[in-house]
Amino acid sequence: MTKYSETVEKGIDGMRQMAMGNFDLGWMDSNPEGWGQEVERSADGLRITDIEKGHYAKVPEHGSSHGSMAPRGCFVPEETPGLDQYFLNEMSEVWAENAGALYDEAVVRQWNSVTDIPWDKLEKLPDDIEKSVCQMCTGLTEVEFVAGDMPAQWLHRINHDFHEVKLFLATQIMDEARHLDVFRKRALANGGGLLSASPGNEELLGAILTANDYTTASALMHIFGEGFVLTLFRQGEFLAPTEVEKTIFRMCMQDEARHVAYGVKHLQYLLERHPEREKEIHKILDLGEQAIFSLTIEPQTSEPRAILAGGGIENIELGMARMAFIYQKQVKEYLSRLKIAGLDRESRVTIPLEIPDLGIAA
Amino acid sequence: MADSTTFPSEEWFGALADVMSEQRGLFEPLGAIDCTMVVQLEEPEDQELIEVKFKSYGVDSVRSLKSIEEAAPEHFTITATLETWREMIDNIILNGRPDLEHTLNFLTFPDEPMIVDGPDQLHIDAFFRYNQSLQLFFNGAAKVASE
């Protein structure tokens, strides 16, 4: 009678064979096509874009049918079991030509909220300014991690042959974790705290998380949502009352621009191959545009920025007038990015290109 | 004749490129930078243009352009009057870095007194993607002035 399970007994037998000098060594010659890879390091170091050459650069239009986690370019033994986990198996569903380069860029541009923000430069601010900064940070803490939740929702469904995309999305999740963290920290770090959540935000966040497929979710989040937030980060730097907020917004701006760049190139890649999908992309953008417009009029979203733009609550109207151009900028940049992606939306955008004259002077 | 103290000139940007190279250690934690910036001086009778190509942790090339058509296709432009450029640079020299109202983003965000533009939104977005590095590059003006 054996003492151990069949699997363990087989393993022990195998070890006995090896101890007697009976080795297989078949793995050594298992992948002749992938052997002898020549790699040239770039001036930046060794990037993923430096190693994915020749045999390893062949990204299949249809991801591996074995459905395992075997790395692209290796030999996959016939008996390798599929995991039945991946359903994003078409390259066009997830790919962007810049995914590898953006991953390289993201890993070297990581920063942290513990030591990279000059927290020692925080200073006591007038109550209305501190409250406005805290409200702005509350809103950003609320929205930022949708861009972590959304990729996380799809990441484990993406075929392993598209690892550049998986890696890039993993950096995005970390970026968004850092954004949630840094805005929450700022809200709590200067004697204030979190203020009001935004029901309007939830509408847009929900649309991103419940989108039918990855590409429509990506168009709504990477291009539309993150494009608008990128402008808000630029505005945050502009309005920042101290070096602390300036640094936070500048660092977040850089991260956000990478996410937008992936979204634009992914949509471009998809539409070049599947122009018939234009209609569904337009449809989800219709939804996003309506949601963002209702968000714009929420007091907890627009008023703190108006107070900061005016320099205090006594000048909130002036601040409102000064902010009017931001919306126009957001819409212009959004439409330009879609155009690069191959989607002409100017003729069917469902929101005004600029805020009508509100009758207040800047 | 232009020298490293004359803005805008190839020599001035060359001097900034040297500072970037000397201070590579400050740029590395920010990450490599891969974009082309065209600095444009907007004066009624003059439109001076200098193209600065960034690669890795340094400047790949600096050149004067006769017209914007000569610029590398993947560029973005930053345009302002000489007075605005000088004010920004003087502020950097005075403080060693810009104060809150003289950062590149602060000056460009409202599209005045500076404007960031370009033929392609994704290349304009490079200004946002590498903003901290670009800011640090211009902060080199303080070191150039002190030498």
Side-chain angles (χ1 to χ4, degrees), chain A residues 42-45 47 98 101-102 104-111 116 223 227 230-231 233-243 245-247 249-261 263-265 268 309 322-323 325-326 328-329 332-341 362, chain B residues 20-21 24-35 53-60 73-74 76 95-139:
Chain A
S42 75
D44 306 345
R47 304 172 306 184
N98 57 359
L102 287 171
D104 285 324
E105 187 173 310
V107 288
V108 287
R109 281 188 173 267
Q110 293 296 300
W111 52 278
D116 288 335
I223 305 181
L230 172 58
T231 312
F233 285 166
R234 291 199 66 205
Q235 186 201 22
E237 201 267 6
F238 178 76
L239 299 175
T242 76
E243 189 59 36
E245 298 83 18
K246 276 260 185 236
T247 310
F249 281 110
R250 216 155 44 219
M251 301 304 263
C252 290
M253 181 203 311
Q254 298 193 136
D255 297 340
E256 211 74 355
R258 278 195 304 275
H259 310 161
V260 173
V264 172
K265 286 298 195 182
Q268 183 185 59
R322 282 182 179 164
M323 285 202 329
F325 76 95
I326 292 162
Q328 193 178 335
K329 195 187 238 326
K332 179 179 163 254
E333 290 177 355
Y334 157 62
L335 293 174
S336 302
R337 290 182 188 117
L338 286 176
K339 203 166 189 174
I340 293 167
Chain B
M20 189 178 185
S21 174
R24 185 181 160 118
L26 292 179
F27 284 86
E28 276 181 351
L30 300 178
I33 170 169
D34 183 10
C35 64
K53 223 175 222 187
F54 294 96
K55 198 166 171 56
S56 187
Y57 298 101
V59 171
D60 198 40
E74 66 281 1
F76 63 85
N95 304 299
R97 56 193 296 174
D99 64 18
L100 299 185
E101 294 184 352
H102 289 88
T103 62
L104 284 173
N105 182 68
F106 186 92
L107 294 167
T108 55
F109 180 66
D111 291 344
E112 62 152 345
M114 283 183 165
I115 185 161
V116 180
D117 208 349
D120 181 314
Q121 184 63 44
L122 273 191
H123 297 135
I124 297 172
D125 286 352
F127 173 75
F128 316 137
R129 243 164 87 186
Y130 303 120
N131 195 269
Q132 186 82 351
S133 306
L134 293 169
Q135 185 64 64
L136 199 57
F137 173 74
F138 276 103
N139 291 359

Taking side chain as everything from C-beta outward and backbone as N, CA, C, O, which of these in A:Ala240 sits under 4.5 Å from a heavy atom of chain B? Side chain, backbone, both or neither. backbone

Side chain, backbone, both or neither: which part of A:Leu239 has a non-hydrogen atom closer than 4.5 Å to chain B? neither

Residue A:Lys329 versus chain B: region with a heavy atom under 4.5 Å: side chain

Output the option from B:Asp34, B:Thr108, B:Ile124 having the highest count of non-hydrogen pairs under 4.5 Å with chain A. B:Thr108

Parallel, tilted or perpendicular: which fits the ring planes of B:Phe109 and A:Phe238, with parallel below 30° and perpendicular above 60°? tilted

To the nearest 0.5 Å, how far apart are CZ in B:Phe106 and CZ in A:Arg250? 12.5 Å

Compare every heavy atom of B:Tyr130 with every heavy atom of A:Gln254, then report the nearest pair and how far apart it is. OE1-C, 3.4 Å

Derivation and outcome, side-chain contact (heavy atoms from CB on, under 4.5 Å), residues B:Gln135 and A:Lys246: CA-CA 12 Å; B:Gln135 185 64 64; A:Lys246 276 260 185 236; over 6 Å; no

Side chain, backbone, both or neither: which part of A:Leu102 has a non-hydrogen atom closer than 4.5 Å to chain B? side chain

Closest approach of B:Phe128 to A:Leu230 (non-hydrogen atoms, all atoms of both residues): CD1-CD2, 3.7 Å

Does any backbone or side-chain atom of B:Ile33 lie under 4.5 Å from a heavy atom of chain A? Answer side chain, backbone, both or neither. both

Applying side-chain contact (heavy atoms from CB on, under 4.5 Å), run through B:Asp125 and A:Arg337 and close with a yes or a no. CA-CA 10 Å; B:Asp125 286 352; A:Arg337 290 182 188 117; 2.8 Å; yes

May I ask you to decide if B:Ala32's main-chain N or O and A:Arg109's side chain share a donor-acceptor pair within less than 3.5 Å? yes

So CG of B:Leu122 and NZ of A:Lys265: to nearest 0.5 Å the spacing works out to 6.0 Å

Spatial distance of atom CG (B:Asp99) from atom CD (A:Glu243) [nearest 0.5 Å]: 9.5 Å

Counting only heavy atoms closer than 4.5 Å, note whether A:Ser42 contacts chain B via side chain, backbone, both or neither. neither

Between B:Pro110, B:Gly58, B:Pro29, which residue shows the highest count of heavy-atom pairs closer than 4.5 Å to chain A? B:Pro110

Which heavy atom of A:Arg258 sits nearest a heavy atom of B:Arg129, and at what distance? N-CG, 3.7 Å

Can you tell me if A:Arg47 has over 12 outside heavy atoms packed within less than 6.0 Å of its CZ? yes

Please round to the nearest 0.5 Å and tell me the distance separating atom CE of A:Met253 and atom CD of B:Gln132. 8.5 Å

Starting at CD of A:Gln235, measure out to CG of B:Asn105 and round the result to the nearest 0.5 Å. 10.5 Å

Looking at B:Glu112, I want to see if its CD is surrounded by more than 12 non-hydrogen atoms of other residues, nucleotides or ligands under 6.0 Å. no

So CD1 of A:Ile326 and CG of B:Asp111: to nearest 0.5 Å the spacing works out to 10.5 Å

